[in-house]
J.: 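Structure provided below as structure tokens; questions to follow.
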Amino acid sequence: MANKNDLVGIVAEKATLTKAQAAEAVDAVFEAITASLKAKEEVRLVGFGTFAVSARKASTGRNPATGAEIQIPASNQAKFKPGKGLKEAIN
């Protein structure tokens, strides 16, 4: 699988749905995860992993082209921690 369309095709096949129905389901999952992360809530999928939001502090960096210092603003980052089932499946 390389992209969302591939994922939709696999979901359609495994769940015996049309590709349009599978696309709606995949989009709904992504929207639900996004909404939870926006609300700074964790999304735990037992056996698969946990999506969470991590706060990054503001920092000072350097422009690699000029060497000039730049200020990097604070931001929120999406993080994913694989669960035991996923770790075991890929090892």
Side-chain angles (χ1 to χ4, degrees):
M1 177 176 12
N3 59 37
K4 183 179 169 184
N5 287 333
D6 296 339
L7 176 61
V8 167
I10 292 168
V11 170
E13 182 180 319
K14 293 204 178 254
T16 61
L17 300 170
T18 66
K19 282 196 176 185
Q21 291 170 324
E24 286 180 27
V26 169
D27 286 341
V29 169
F30 291 161
E31 288 171 14
I33 292 171
T34 301
S36 292
L37 294 178
K38 276 184 171 182
K40 301 214 179 7
E41 299 171 344
E42 283 188 350
V43 178
R44 292 177 190 237
L45 304 173
V46 176
F48 185 73
T50 303
F51 294 91
V53 175
S54 176
R56 270 178 96 172
K57 295 180 182 178
S59 62
T60 301
R62 291 208 177 269
N63 179 331
T66 65
E69 281 192 359
I70 57 172
Q71 293 301 314
I72 302 168
S75 63
N76 291 322
Q77 303 292 314
K79 301 282 184 173
F80 177 74
K81 181 179 178 186
K84 182 180 178 184
L86 180 58
K87 285 180 187 178
E88 290 174 355
I90 61 175
N91 284 327

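The first residue in the sequence is number 1, and the count goes up from there.
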J.: Can you tell me how far CD1 of Ile10 sits from CG of Asn5, rounded to the nearest 0.5 angstrom?
T.: 11.5 Å
J.: Answer with yes or no whether the hydrophobic clustering places Ile90 together with Leu45; edges join I, L, V, M, F, W, Y residues whose side-chain heavy atoms lie under 4.5 Å apart.
T.: yes
J.: Find the distance between OG1 (Thr16) and CD (Gln21) and round it off to the nearest 0.5 Å.
T.: 9.0 Å
J.: Can you check whether Lys40 reaches Asn76 side chain to side chain, under 4.5 Å on heavy atoms?
T.: yes
J.: Might you point out which heavy atoms bring Lys19 and Gly9 nearest each other, and give the distance in Å?
T.: CE-CA, 4.2 Å
J.: Would a 4.5 Å heavy-atom cut-off, applied to side chains only, mark Lys4 and Asp27 as touching?
T.: yes
J.: Any donor-acceptor pair under 3.5 Å linking the side chain of Arg62 with the backbone of Gly67?
T.: yes
J.: In Å and rounded to the nearest 0.5 Å, what is the NZ to CZ distance from Lys79 to Arg56?
T.: 7.0 Å
J.: Look at atom CD of Glu13 and say whether more than 12 heavy atoms of other residues, nucleotides or ligands are closer to it than 6.0 Å.
T.: no
J.: Is it possible for you to say whether Val53 and Ile72 belong to one hydrophobic cluster, with membership spreading through side-chain heavy-atom contacts below 4.5 Å?
T.: no
J.: Give, for atom NZ of Lys81 and atom NZ of Lys87, the distance between the pair rounded to the nearest 0.5 Å.
T.: 6.0 Å
J.: List the atom of Ala23, the atom of Val8, and the distance in Å for their closest heavy-atom pair.
T.: N-CG1, 3.7 Å
J.: Measure the CG-CZ distance between Leu7 and Phe30 for me, rounded to the nearest 0.5 Å.
T.: 5.5 Å
J.: Locate the shortest heavy-atom distance separating Leu37 from Ala78; write the atom from each residue and the value.
T.: CD1-CB, 4.4 Å
